[in-house]
A.B. asks: 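Supplied in structure tokens, the structure appears directly below.
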Amino acid sequence: MKASLKGRYETEKSNGPAALATLGFNAGDVKLRASLTDATFVNGPSVNGLVLAVEKPGFFLVDYNVPKKDFRFQFMNTVRVAEKPLKLTYIHSRGDNRTILDGTLVFDSANKVSANHALGSRNCKLKYSYLHGGVTTFEPCYDLAKNSWDFAVARKVYGEDVLRASYQTSSQVLGLEWSRNSKQLGSFKILASINLAEEKKVPKLIAESTWTFEV
């Protein structure tokens, strides 16, 4: 049986740094996961910050937040529109009664358009993704609720590494990301962001790493 362990550390929490660990197991074509935060152990073992999940990739995902007793359901499907694949995702959070619809239409290997909409609100984002030369991706995104644009560009380097830069015009947040997804060297992601609108510009950092092993 294959298992994976993901560790995450971030400095952007208002009450100080936070850590997150996720342990996952493959049970046939279904994945089982448990996520823990530092709140689970800070005052002795507890269910604070504990989230359990069951996932069948490409079909469904169910999260259960143990301390909040809250379920989140996610269903995925792919249909064809004019012979092009349209990937659809339905997400519903029972606790806040929020439903999100997400769709991505793939025109070819280099071009795709996606939309994300929260039902019952004006929250809707439209994004176009263009892959140039197989190594550089350009992603402009328009937020209808904020009437603003977000921009991102990513480039593959050294075969398995990806460098990505993003900018949100509404919040003036600039982000830089370095990630790697390698079967031999493991997977990791390092993200740094800074709010250019703040007088005291302090970078916020997130580091994430994943290890896969046999049990």
Side-chain angles (χ1 to χ4, degrees), residues 1-76 89-96 98 100 102 116 152 154 156-166 168 171 173-195 202-215:
M1 178 185 293
K2 288 186 176 180
S4 63
L5 176 63
K6 177 187 290 184
R8 179 185 175 100
Y9 179 81
E10 52 187 295
T11 64
E12 62 179 4
K13 296 298 183 181
S14 58
N15 56 349
L20 171 70
T22 301
L23 182 62
F25 295 93
N26 292 338
D29 57 354
V30 174
K31 294 184 177 181
L32 308 176
R33 291 199 308 270
S35 299
L36 312 170
T37 69
D38 47 1
T40 311
F41 304 99
V42 65
N43 293 319
S46 68
V47 297
N48 292 330
L50 176 61
V51 177
L52 305 177
V54 179
E55 177 185 10
K56 185 174 182 179
F59 292 92
F60 69 83
L61 169 64
V62 179
D63 282 338
Y64 178 60
N65 190 311
V66 177
K68 295 182 179 180
K69 298 181 180 180
D70 184 21
F71 282 97
R72 183 176 71 95
F73 303 92
Q74 181 171 320
F75 301 96
M76 297 82 81
T89 302
Y90 170 91
I91 305 171
H92 179 72
S93 298
R94 193 185 68 173
D96 53 10
R98 183 176 61 169
I100 297 175
D102 188 276
N116 181 284
K156 293 182 180 179
V157 294
Y158 307 118
E160 297 176 330
D161 291 20
V162 176
L163 297 179
R164 185 176 187 270
S166 62
Q168 301 174 8
S171 58
V173 173
L174 175 66
L176 297 174
E177 180 183 304
W178 174 27
S179 62
R180 174 185 295 166
N181 188 3
S182 171
K183 294 182 179 180
Q184 292 76 25
L185 302 176
S187 303
F188 71 83
K189 180 187 296 184
I190 299 175
L191 173 64
S193 62
I194 186 170
N195 191 329
V202 179
K204 299 176 181 179
L205 302 176
I206 298 176
E208 184 178 288
S209 185
T210 303
W211 302 268
T212 302
F213 49 91
E214 296 283 347
V215 295

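Because the structure is a prediction, the values reported are computed rather than measured.
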A.B. asks: What's the separation between atom CG in Leu174 and atom CD in Gln168, rounded to the nearest 0.5 Å?
C.D. replies: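 So the gap between those two atoms works out to 10.0 Å.
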A.B. asks: For Leu36 and Leu50, which heavy atoms make the closest approach, and how far apart are they?
C.D. replies: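 Answer, listing the atom of Leu36 first, then Leu50: CD2-CD1, 3.1 Å.
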A.B. asks: Is it true that the side chains of Thr212 and Ser4 contain a donor and an acceptor less than 3.5 Å apart?
C.D. replies: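 Absent: no donor and acceptor within the cut-off.
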A.B. asks: Could you tell me the separation between the CZ atom of Arg98 and the NE2 atom of His92, rounded to the nearest 0.5 Å?
C.D. replies: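 Reported to 0.5 Å precision, the distance equals 10.5 Å.
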A.B. asks: Would you give the length of the straight line joining atom OG of Ser179 to atom CD of Glu177, rounded to the nearest 0.5 angstrom?
C.D. replies: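 Here the interatomic distance stands at 5.0 Å.
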A.B. asks: Tyr64: which residues meet the ring pair (Phe, Tyr, Trp, His ring centres under 6.0 Å) condition with it, sequence neighbours left out?
C.D. replies: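 Ring pair (Phe, Tyr, Trp, His ring centres under 6.0 Å) check on Tyr64 returns Phe71.
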A.B. asks: Rounded to the nearest 0.5 Å, what separation is found between the CG atom of Asn116 and the CG atom of Asp102?
C.D. replies: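 If we round to the nearest 0.5 Å, Asn116:CG and Asp102:CG are 4.5 Å apart.
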A.B. asks: Listed by chain and number, what are the ring pair (Phe, Tyr, Trp, His ring centres under 6.0 Å) partners of Trp178, not counting sequence neighbours?
C.D. replies: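 Counting only residues at least two positions away or on another chain, Trp178 forms a ring pair (Phe, Tyr, Trp, His ring centres under 6.0 Å) with Phe188.
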A.B. asks: Ignoring hydrogens, what is the shortest heavy-atom contact between Ala154 and Val162? Give both atom names and the distance.
C.D. replies: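 It is CB-CG1, 4.1 Å.
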A.B. asks: Do Tyr9 and Leu205 have side chains that get closer than 4.5 Å, going by heavy atoms?
C.D. replies: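 When only atoms from C-beta onward are counted, Leu205 and Tyr9 do not touch, as no gap falls below 4.5 Å.
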A.B. asks: Looking only at heavy atoms, which two atoms of Trp211 and Gly7 are closest? And how far apart?
C.D. replies: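 That would be CZ3-N, 3.9 Å.
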A.B. asks: Do you know which two heavy atoms are closest between Thr11 and Pro203, and how far apart they sit?
C.D. replies: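 Between these two residues, the closest heavy atoms are OG1-O, 4.4 Å.
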A.B. asks: Output the distance between atom CZ (Arg94) and atom NZ (Lys68), rounded to the nearest 0.5 Å.
C.D. replies: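 Rounded to the nearest 0.5 Å, the CZ-NZ separation comes out at 13.0 Å.
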A.B. asks: Please name all residues satisfying salt bridge (Lys or Arg N to Asp or Glu O under 4.0 Å) with Asp161, sequence neighbours left out, ordered by chain then number.
C.D. replies: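 Per chain and number, Asp161 pairs via salt bridge (Lys or Arg N to Asp or Glu O under 4.0 Å) with Arg180.
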A.B. asks: Can you tell if the side chain of Val54 reaches within under 4.5 Å of the side chain of Val30, non-hydrogen atoms only?
C.D. replies: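 Answer yes - side chains close enough.
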A.B. asks: Decide yes or no for Lys31 and Leu61: does some side-chain heavy atom of the first lie under 4.5 Å from some side-chain heavy atom of the second?
C.D. replies: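 No, too far: nothing below the 4.5 Å cut-off.
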A.B. asks: Closest heavy-atom contact between Ala34 and Leu52?
C.D. replies: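 Of all heavy-atom pairs spanning Ala34 and Leu52, the closest is CB-CD2, 3.8 Å.
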A.B. asks: Output the distance between atom CD (Glu55) and atom CE (Met76), rounded to the nearest 0.5 Å.
C.D. replies: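 One gets 5.5 Å once the value is rounded to the nearest 0.5 Å.
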A.B. asks: Is the number of heavy atoms from other residues, nucleotides or ligands within 6.0 Å of CZ (Phe73) greater than 12?
C.D. replies: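 More than 12 within 6.0 Å, yes.
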A.B. asks: Please find the pair of heavy atoms, one from Gly49 and one from Pro67, that lie closest to each other, and give the distance.
C.D. replies: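 Looking at all heavy atoms of both residues, the closest pair is N-CG, 3.8 Å.
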